[in-house]
Amino acid sequence: MVPFYMAWWLLTEYMPMDCTLARPTNCNYDTLENEFFFTVALMVTGPLTLTQVIVIDVALPLWHRRRLAAWLGAAALIPVPFVVCLALASLA
């Protein structure tokens, strides 16, 4: 859930800002201060999570000669908690 939240924050809070030097509009300086933390956290947790998914859902089933379909179907459930929490947060 952490990499999804970091990516969501960067796309919804950081990317829409216009902080040009000429005419700053919609610029939140607190968000700019948090940008480094969120970017580094995404760079650390993203590849770690992707590696875990590849090892657990692809490498282990191949190693034990099991079908990939069931494991890859379970991998689709990884973003579901994030999407549910995001939907519940948007209702509040």
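Of all heavy-atom pairs spanning Leu42 and Pro3, the tightest one is CD1-O, 3.4 Å. In plain terms, the two heavy atoms of Arg67 and Pro61 that are nearest each other are O-CB, 4.4 Å.
The CD1 atom of Ile54 lies 11.0 Å from the OG1 atom of Thr49; values are rounded to the nearest 0.5 Å. Here CG of Leu86 is found 10.0 Å from CG of Leu91. Values are rounded to the nearest 0.5 Å.
A distance-only check finds a donor-acceptor pair linking the side chain of Ser90 to the backbone of Ala87 [under 3.5 Å].
Taken together through direct or relayed side-chain contacts under 4.5 Å among Ile, Leu, Val, Met, Phe, Trp and Tyr, Leu11 and Met6 form part of one hydrophobic cluster. Hydrophobic clustering (side-chain heavy atoms under 4.5 Å, transitive across Ile, Leu, Val, Met, Phe, Trp, Tyr) keeps Leu10 apart from Met43. The hydrophobic clustering, which links ILVMFWY residues whose side-chain heavy atoms are closer than 4.5 Å, places Trp9 and Phe37 together. In terms of hydrophobic clustering, with Ile, Leu, Val, Met, Phe, Trp and Tyr side chains grouped at heavy-atom distances under 4.5 Å, Val40 and Phe38 are assigned to different clusters.
Using bins of under 30°, 30° to 60° and over 60° for the plane-to-plane angle, the ring pair Phe82/Phe4 lands in the parallel bin.
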